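Indexing begins at 1, ligand by ligand and atom by atom, following the structure's order. Not measured: the values here are computed from a predicted model.
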Amino acid sequence: MPIRRLPDHVINRIAAGEVVERPASVVKELVENALDAGAASIDIVTAGGGKSLIRVADDGTGMRRDELELAVSRHCTSKLPGEALDDVATLGFRGEALASIGAVARVTIQSRHAEEEHAWSLEVDAGRLGPPAPASRATGTQVEVRDLFFATPARLKFLRSDRAEANAVADTVRRLALAHPDVRFALAGSDRMPLDYPPQQGEGARRRRAADVIGAAFVENSMPIAAEREGVTLTGLAGLPTFNRANSLQQFLFVNRRPLRDPLLSGALRAAYADVLARDRFPVVTLFLGLEPTEFDVNVHPAKLEVRFRDPGLVRGLIIGAIRDALAEHGARAAPSVGMAARDALRPAAAPSPRRSDATWGSWAAPSPAPASPQGFGEPAQAGFDTIDRPSADARATLAEPDQAALDQPLGAARAQLHANYIVAQTHDGLVIVDQHAAHERIVYERLKAGLHGKALARQILLIPEVVELPRDDVDRLAARADELKDVGLVVEPFGPGAVAVTETPAMLGELDAKALIRDIADDLAEWDASTRLAERLDHVAATMACYGSVRAGRRLRPEEMDALLREMEATPQSGQCNHGRPTYVELKLADVERLFGRR
Ligand code: ADP
Ligand code: MG
């Protein structure tokens, strides 16, 4: 389609605002242009965090001489055939990017259209356009941007360090690369180690690109998502809760292959994982929404980073539903590589590398002519063992034969409790280590949630009500929720204007610090804004309570109690992780243990 200047009445409807804020936004616009031009391979180079140099070269359709001149004029685009802004299928449509970049930097564009004899080159220096000159290059386009914002020092001042800007550039490239696995992306230049993502075709292309961009560990520790609701599709990978991060930088969300940072989408993600992750931890995801272009509006944000959905409730429901279903299906599975990671962590400490020379090996493994002690541990000659904790005094392996029926269960038969928190269980083909505190927290949480859904929970009456002083707002919020709190076994009554009295607590939580619990719950209630659904807030309250009532690390369990905990874990939804996203157990297969000892 030819490039044309948009009619004024269309221009006036385009969301106003600055397109070029920082080097990463330049890279985003140039790479999007390359993708719109059908490129199969895109090379990006930056220096000085993109402030001194950004160069993007593609092998797309290229531009003819006259198109080149139009391309750098404001509001000129080849991508908006009609006048409708609600049916945009390309990444670009505003016709502003090249003009905006040309206005604030020194830009050289070289482009060759397949049907042209040779390429043409054009220079723009802070808005001053030079004449097109013949040039030489293969079909495609290269845009070189030097000295971004040199003419507007005030804006240069707002940029962050070279490193921070270079990171933002890499993040932008990674997002675009995830959405276009069939295109090769290379990022190089003095700002970083070079990246090169080879093109991926056919089945599993997106998965392989995700492994290249985010890492193989993510792909292994994720759940496939494929859902549809009323013509809107959601596909991609959602990380297991145990594979979490301290920020949301590893959340890659797309609408029709357009990378977004949309508050609606991040809110839906947070809600979907609310049950299985602490508030300050973030799941890693790559999720692609697919919907008709008429079902959302991209014309709300100058950098096209947010969209407006025609039916936000549908999109939110689809995301939450699809992820919750996946979590329910995979819930008992902690990160499958946790066991392997533990094994790898053990290896360097416990096993000398077989690649060592014989001499080293010999001196390590055969310490002395000293007689071998039958126990092995505690030999004075074995200085190396000083760094290893001796078996703690509370190790109490059950000497009886393991219960055969329990061996058949997924978590096996409990054999010992170590360090007053770790239950070691035996299965037919391996061993399981359970973090009893984390496991109990999950069980208590699921029971409390059942209480919220109609299964009344036993309460215990406090002999002396606990009076908790709180700001007026908190008292009001707690009073307003008194009925629901009662459903989870917590009875709270107003006690004057600035305090509440706790009269009953859930029996299963045992003795607890009611003051601290009430303060935390008040915080929870205050933090959620009016738009958060009641059910989500109450689930969160249940999670807070579960933390208070769980078997703390340090409590010794009798063998029957340990087995009961394992059986209850097996019967509990999402039992593979506590509600902060830490695993509740790890499993080592016998084969792994044998490898650890070089038996395989
Ligand atoms: P938009 O992408 O919104 O149309 P731009 O200012 O980014 O606006 O680009 C203006 C026009 O220049 C595009 O519509 C396209 O026709 C042309 N163009 C820009 N970059 C390229 C490229 N890499 N390959 C081919 N054509 C391009
Ligand atoms: Mg563009």
Side-chain angles (χ1 to χ4, degrees), residues 1-7 10-11 13-21 24-45 54-85 87-105 107-116 119-124 127 129 132 135 137-145 172-173 176 179-180 183-185 257-259 293 298-305:
M1 225 198 71
I3 305 189
R4 59 159 184 161
R5 186 174 191 279
L6 293 172
V10 176
I11 294 171
R13 278 189 284 130
I14 287 181
E18 208 46 68
V19 189
V20 185
E21 279 178 340
S25 33
V26 173
V27 170
K28 174 171 186 286
E29 293 296 336
L30 297 181
V31 172
E32 287 187 350
N33 280 347
L35 290 166
D36 281 342
S41 177
I42 304 177
D43 276 278
I44 304 136
V45 171
I54 295 169
R55 186 164 58 226
V56 176
D58 68 60
D59 59 356
T61 54
M63 285 174 274
R64 299 171 195 276
R65 175 190 167 149
D66 52 329
E67 289 176 319
L68 198 55
E69 285 187 276
L70 269 178
V72 295
S73 328
R74 207 163 280 275
H75 305 306
C76 287
T77 180
S78 56
K79 301 173 193 173
L80 213 53
E83 312 208 330
L85 287 170
D87 191 12
V88 177
T90 46
L91 292 166
F93 62 91
R94 304 164 52 95
E96 278 184 327
L98 287 182
S100 307
I101 299 165
V104 294
V107 178
T108 308
I109 310 180
Q110 292 182 355
S111 191
R112 176 168 175 191
H113 191 274
E115 287 154 21
E116 291 268 4
W120 289 94
S121 169
L122 189 71
E123 288 186 16
V124 190
L129 194 65
R137 65 158 282 132
T139 303
T141 303
Q142 171 179 301
V143 182
E144 187 175 284
V145 179
T172 298
V173 172
L176 288 160
H180 300 271
V183 176
R184 171 183 165 268
F185 281 79
R257 305 218 288 181
R258 195 185 277 288
V298 280
N299 182 33
V300 291
H301 188 280
K304 299 165 290 184
L305 283 171

Original post:
Are I54 and I101 close enough, and set up right, to give a side chain to side chain contact (heavy atoms under 4.5 Å, CB included), and what steps lead you there?
Top reply: CA-CA 11 Å; I54 295 169; I101 299 165; over 6 Å; no

Original post:
Which is it for E116 and M63 under the side chain to side chain contact (heavy atoms under 4.5 Å, CB included) test, yes or no, and what are the steps along the way?
Top reply: CA-CA 9 Å; E116 291 268 4; M63 285 174 274; over 6 Å; no

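Between W120 and the options E67, R65, H113, a side-chain contact (heavy atoms from CB on, under 4.5 Å) holds for only R65.
Contact atoms of ligand 1 toward A71: 10 (C), 12 (O) (distance under 4.0 Å to a heavy atom of the residue). In the vicinity of A37, heavy-atom distances shorter than 4.0 Å reach the ligand 1 atoms 24 (N), 25 (C). In summary, the atoms of ligand 1 found under 4.0 Å from a heavy atom of G95, numbered by their order in the structure, are 1 (P), 3 (O), 4 (O), 6 (O), 8 (O). Using a 4.0 Å cut-off to heavy atoms of T77, the atoms of ligand 1 that qualify are 1 (P), 4 (O), 14 (O).
Ligand 1 is approached by M63 to a heavy-atom distance shorter than 4.0 Å. Not a single heavy atom of G60 lies less than 4.0 angstrom from ligand 1.
Side-chain contact between V72 and V107: absent, with no pair of heavy atoms (C-beta onward) separated by less than 4.5 Å. For the pair R5 and L70, the minimum side-chain heavy-atom distance is 4.5 Å or more.
At a heavy-atom distance under 4.0 Å, only side-chain atoms of D58, from C-beta outward, approach ligand 1. Here E96 has backbone heavy atoms under 4.0 Å from ligand 1, and that is the only part of it that gets that close. Contacts between L98 and ligand 1 below 4.0 angstrom, taking non-hydrogen atoms only, involve backbone and side chain alike.
Considering backbone and side-chain atoms together, A97 places an N or O closer than 3.5 Å to an N or O of ligand 1. Geometrically, ligand 1 and S78 share a nitrogen or oxygen pair separated by less than 3.5 Å.
Distance from atom 22 (C) of ligand 1 to its nearest protein heavy atom, with residue and atom name: T141 OG1, 3.7 Å. Residue, atom and distance of the protein heavy atom nearest to atom 2 (O) of ligand 1 are K79 NZ, 2.7 Å.
In this structure, A39 and D58 approach most closely via the heavy-atom pair CB-CB, 3.7 Å. Heavy atoms only, all atoms of each residue included: A119 and R137 are closest at CB-CG, 3.6 Å. When all heavy atoms are compared, the tightest approach of S121 to A135 is CB-CB, 3.8 Å. Residue I3 comes nearest to S78 through the heavy atom pair CG1-CB, 3.8 Å, listed as atom of the first residue, atom of the second, then distance.
Distances from the Mg ion (ligand 2) show that N33 has an N/O/S atom below 2.8 Å.
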